[in-house]
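One structure is given here, and the rest of the page talks about it.
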Amino acid sequence: MSQQITGIGASAGIAIAKAFKLEDPVLEVEKKTIEDPKQEIERFTDAIAKSKKELEAIKVHAEKELGEDKAAIFAAHLLVLEDPELIDNVKSKINEEMVNAESALDDVTGMFITMFENMDNDYMKERAADIRDVRKRVLAHLLNVTFSSPSMITEEVIIIAKDLTPSDTAQLNRNYVKGFATDIGGRTSHSAIMARSMEIPAVVGTKKITEEIENGTIVIIDGIDGSVLIDPTSSELDEYRKKLDKHIEQKQEWAKLVGEPSKTKDGQRVELAANIGTPKDLEGVLNNGAEAIGLYRTEFLYMNRDQLPTEDEQFEAYKEVLEKMEGKPVVIRTLDIGGDKELPYLDLPDELNPFLGYRAIRLCLDEQTIFRTQLRALLRASAFGNLKVMFPMIATLDEFRQAKKILNEERQKLVAENIRVSDSIQVGMMVEIPAAAVMADQFAKEVDFFSIGTNDLIQYTMAADRMNEQVSYLYQPYNPAILSLVKNVIDAAHRNGKWAGMCGEMAGDETAIPLLLGLGLDEFSMSATSILPARSQLLHLDKAEVAAKLEEVLQLDSSQQVMEYVRNHFFQ
Ligand code: PEP
Ligand code: MG
């Protein structure tokens, strides 16, 4: 029997491959006196050459896989490696102080890092991060420690890591990375969301996977039930290969629904839309028959680079999505940075509770240059398709009004410049803060639409961090408290003649779908891979019948009871 570890199934599918541990190397620098500085300098030069070769390969690879802008960070690292001031300083230190290369490098880079960090300019501060990265790479060569980088993977693997940051995930090459398993995280952490949009199986929140697995061991991950099998036996391998075949077969069945409308057994139409993080996700969206984009998370445009994207860069990305969707609705959300999505080059202050802190619309209303640049890009792109603009993390009406006012100001400026802007852009908001869900009626008078962000709405309503697996039992989409907030939002929208969608992960969840249908949700936006299973499920649901039972469901007193009710009444 193999060893089995259970976590949270974060992206459906089965993967079988070698483990590739992605970990920060332990680099302990010890200061030593040396006898032969010439030899030590050679060691240093050799480590620099190896690092350079490695970085050049990563850069070429990243340019191909992720595009020039995201590869720019590696070009910056190469510049650090070639900086004569840094190299000469290390060499002189070795020569003059007769110390080993590791400690000379550590001292010199340390000095540069402090110098850059103390500068007033954000761009210069960011150089400190580049030097830190380069120091790590060169030290790893000097100390003979393996340094693993997701963008260097060139064979089929399953990544095993404590956590994957959104920027790690963005560097993964889907041809080689067959899946991943992490110690921390939950179904709605961003690495899980990215895994679903990249269609790679993932298990998160295993608590201890990195302790249990050696590099190179064969592992199976089952992203459907959340299990990881380490060093499987041949009969387990057979069993999972069969399961994988069955999964593929089911996908072929679903594929028949690609061009079909989304409707229920009693002929009621709803819209099944997709969530995307980058224009690269569009292929999956179109292959999975999405009728719209219900959420474009623009923050990924701002990641894995060392400065803000320009207005033109953003315009091109938004235009590409709008054009490729050929007039179908595209909801683009303005920058939602903060929480677990960091932008190191913005140099934001560390916070005790980043999910409750300076993020999303709060930051945009404060840093208006960033916000206005994005809005201009969006407005210019609106001429190329059916754009709907959405503001994230709205807590008060005043925030919505301010954001909308700034949008209108930018529109007027563009019109004055004779730049074409669509005059039918809907402006809506995410409902992901309980205060907004409770006050939905007042908001509904001013917005064009709502999109319920349950990933955050649940964490704030239940006061349970969506990233923390210790409290993941409180992450309860079917809790009657959540259902009643969702109902309030949908009812308020309809009373005011507006539409209500949902772009949190709950929208694609098979247990939640009957409930949301019964509550009258108009648009369900989900990971592309959930669309066809959802369309197939809807064909078997009678909307009128489900709606009639909802009164009873809302009276139940736990998430567990709701789940059982749905399984007993609405599952085939
Ligand atoms: C949400 O909070 O439900 C949501 C869709 O936004 P994000 O997951 O990007 O926070
Ligand atoms: Mg959110």
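Whatever order the structure lists ligands and atoms in, that order sets their numbers, starting from 1. Since the structure is predicted, the reported quantities are computational estimates derived from the model, not experimental observations.
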Looking at the Mg ion (ligand 2), which N/O/S atom of Asp456 is the nearest one? OD2
Could you tell me which N, O or S atom of Glu432 is nearest to the Mg ion (ligand 2)? OE1
Considering Arg297, Arg359, Glu432, which one's heavy-atom position lies nearest to atom 5 (C) of ligand 1? Arg297
Side-chain donor-acceptor pair present, Thr298, Gln374, cut-off under 3.5 Å: yes
Just checking, any donor-acceptor pair under 3.5 angstrom between side chains of Glu551 and Gln555? no
Find all atoms of ligand 1 within a distance of less than 4.0 Å from any non-hydrogen atom belonging to Arg466, and give their numbers and elements. 2 (O), 7 (P), 8 (O), 10 (O)
With atoms numbered from 1 as shown, which atoms in ligand 1 lie under 4.0 angstrom from a non-hydrogen atom of Leu295? 5 (C)
Asp456 and Arg466 ion-paired at < 4.0 Å: yes
Under 4.0 Å between a Lys/Arg side-chain N and an Asp/Glu carboxylate O for Lys498 and Glu446? no
State whether the shortest distance between N or O atoms of Cys503 and N or O atoms of ligand 1 falls below 3.5 angstrom. no
Assess whether salt bridge (charged side-chain N to carboxylate O under 4.0 Å, His left out) is satisfied between Glu409 and Arg372, documenting all intermediate values. CA-CA 9 Å; Glu409 282 167 12; Arg372 286 179 190 269; 2.9 Å; yes
Atom 6 (O) of ligand 1: the protein heavy-atom neighbour that sits closest, reported with distance to 0.1 Å: Arg333 NH1, 2.9 Å
Checking salt bridge (charged side-chain N to carboxylate O under 4.0 Å, His left out) for the pair Glu299/Arg333: CA distance, chi angles, key distance, verdict? CA-CA 9 Å; Glu299 44 280 4; Arg333 179 174 76 182; 2.6 Å; yes
So for Glu505 against ligand 1, with non-hydrogen atoms under 4.0 Å, the contacting part is neither
Does Met390 reach ligand 1, in the sense of a heavy atom lying below 4.0 Å from it? no
Measuring from the heavy atoms of Lys341, does anything fall under 4.0 Å of ligand 1? yes
Do Ile490 and Ile452 touch side chain to side chain, with heavy atoms closer than 4.5 Å? yes
